Amino acid sequence: MRRHELTDAQYEAIRPQLPENGGRGGRWTDHLKILDGLFWRLRTGCPWRDVPERYGPWSTVYDRFRRWSRDGTFDRILRALQARLDRRGRIDWEFFCIDGTSIRASLAAAGGGRKGARRSPRTTRRVARAADSGPRSTWSWTVAGFPSRPR
């Protein structure tokens with residue numbers, strides 16, 4: 001078993017939330033195999049086409065990811081796992097949240113510019129220095145009054 005793949009116990013915890021394998025057309029590839037491919041891809045950050053063949057065709061892994069994202073399968077899995085942890089007293093709801101404003105912007109977002117565009121070396125160096133040593137979110141850069149041009 002690889003480190004990003006689900007154990008049997010983990011899979012059994014989420015299996016009831018997965019869609020039934022049936023209906024019109026052919027049978028779906030095993031959900032566990034596809035989930036392992038999804039986790040491999042999400043963990044490595046590689047392009048979809050680089051998902052190893054042991055997880056099935058990359059297009060199947062991608063299609064299942066898109067389908068489950070749209071139809072709410074991942075939301076159902078998350079709610080079921082949260083409920084399970086809550087019953088065990090393992091979640092402190094006062095501290096449980098995901099806040100996208102705390103994600104740090106990359107240096108390119110701070111002034112990398114477009115490919116081939118004319119650049120001002122002083123501006124790029126200033127922005128890079130400020131990005132490495134200043135506040136950790138783009139919101140606070142704006143509030144902090146980042147100068148719009150080099151001094």
Side-chain angles (χ1 to χ4, degrees), residues 1-117 119 124 127-146 148:
M1 168 164 295
R2 293 169 175 87
R3 64 182 168 167
H4 52 268
E5 294 180 354
L6 294 174
T7 64
D8 291 337
Q10 291 168 333
Y11 180 66
E12 287 305 314
I14 64 171
R15 191 174 51 78
Q17 310 308 318
L18 298 173
E20 289 296 319
N21 192 359
R24 294 177 24 187
R27 302 211 28 99
W28 285 1
T29 304
D30 180 40
H31 288 322
L32 177 59
K33 185 176 177 181
I34 297 298
L35 283 168
D36 287 341
L38 286 173
F39 289 132
W40 184 90
R41 195 278 178 185
L42 294 173
R43 182 168 177 86
T44 62
C46 73
W48 284 104
R49 291 179 185 265
D50 292 342
V51 172
E53 290 182 20
R54 67 179 171 264
Y55 302 120
W58 72 267
S59 57
T60 303
V61 177
Y62 172 76
D63 291 342
R64 196 82 53 93
F65 174 75
R66 294 282 298 152
R67 176 180 290 138
W68 289 354
S69 296
R70 281 187 304 231
D71 72 7
T73 299
F74 290 125
D75 294 330
R76 285 193 304 276
I77 291 171
L78 178 62
R79 284 193 302 273
L81 293 175
Q82 286 173 338
R84 182 179 178 178
L85 290 174
D86 191 35
R87 283 192 302 273
R88 296 178 180 176
R90 304 280 309 268
I91 293 182
D92 184 354
W93 290 104
E94 198 169 306
F95 295 108
F96 185 84
C97 71
I98 298 175
D99 184 8
T101 60
S102 64
I103 297 172
R104 182 172 181 231
S106 68
L107 291 178
R114 292 188 323 242
K115 270 189 177 179
R119 298 180 189 192
T124 303
V127 172
R129 273 195 313 272
D132 283 337
S133 62
R136 297 295 185 194
S137 73
T138 54
W139 175 83
S140 56
W141 289 357
T142 308
V143 172
F146 234 34
S148 59

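Because the structure is predicted, anything quoted here is derived from the model rather than measured.
Aromatic ring orientation, His31 versus Trp28: perpendicular (interplanar angle above 60°, classes split at 30° and 60°).
For the pair Gln17 (side chain) and Ile14 (backbone), a donor-acceptor distance under 3.5 Å is absent.
For the pair Thr29/Val61, no side-chain contact is recorded, criterion being any heavy-atom separation below 4.5 Å from C-beta on.
By the side chain to side chain donor-acceptor pair (under 3.5 Å) test, Asp86 is found to be paired with Trp93, residues two or more places apart in sequence or in another chain being considered. The side chain to side chain donor-acceptor pair (under 3.5 Å) check on Arg15 picks up Glu12, with sequence neighbours excluded. Here Arg2 pairs with Glu5 under the salt bridge (charged side-chain N to carboxylate O under 4.0 Å, His left out) rule; sequence neighbours left out. Partners of Glu53 according to the salt bridge (charged side-chain N to carboxylate O under 4.0 Å, His left out) rule, which considers only residues two or more places apart in sequence or in another chain, do not exist here. Annotation: salt bridge (charged side-chain N to carboxylate O under 4.0 Å, His left out) contacts of Arg76 (sequence neighbours excluded): none.
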Leu32 and Tyr55: CA distance, side-chain angles, deciding distance, side chain to side chain contact (heavy atoms under 4.5 Å, CB included) verdict: CA-CA 9 Å; Leu32 177 59; Tyr55 302 120; over 6 Å; no

Run the side-chain donor-acceptor check on residues 34-50: report pairs under 3.5 Å with partners two or more places apart or on a different chain.
residue: Asp36; atom: OD1; partner: Leu6; partner atom: N; Å: 3.0
residue: Arg41; atom: NE; partner: Cys46; partner atom: O; Å: 2.9
residue: Arg41; atom: NH2; partner: Cys46; partner atom: O; Å: 3.4
residue: Thr44; atom: OG1; partner: Trp40; partner atom: O; Å: 3.0
residue: Thr44; atom: OG1; partner: Arg41; partner atom: O; Å: 3.4
residue: Thr44; atom: OG1; partner: Cys46; partner atom: N; Å: 3.4

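Counting heavy atoms of neighbouring residues, nucleotides and ligands inside a 6.0 Å radius, atom OH of Tyr62 does not exceed 12 of them.
Atom OG1 of residue Thr73 and atom CZ of residue Phe65 lie 11.5 Å apart, to the nearest 0.5 angstrom. From Arg64, atom CZ reaches atom OG of Ser59 across 11.0 Å, with rounding to the nearest 0.5 Å.
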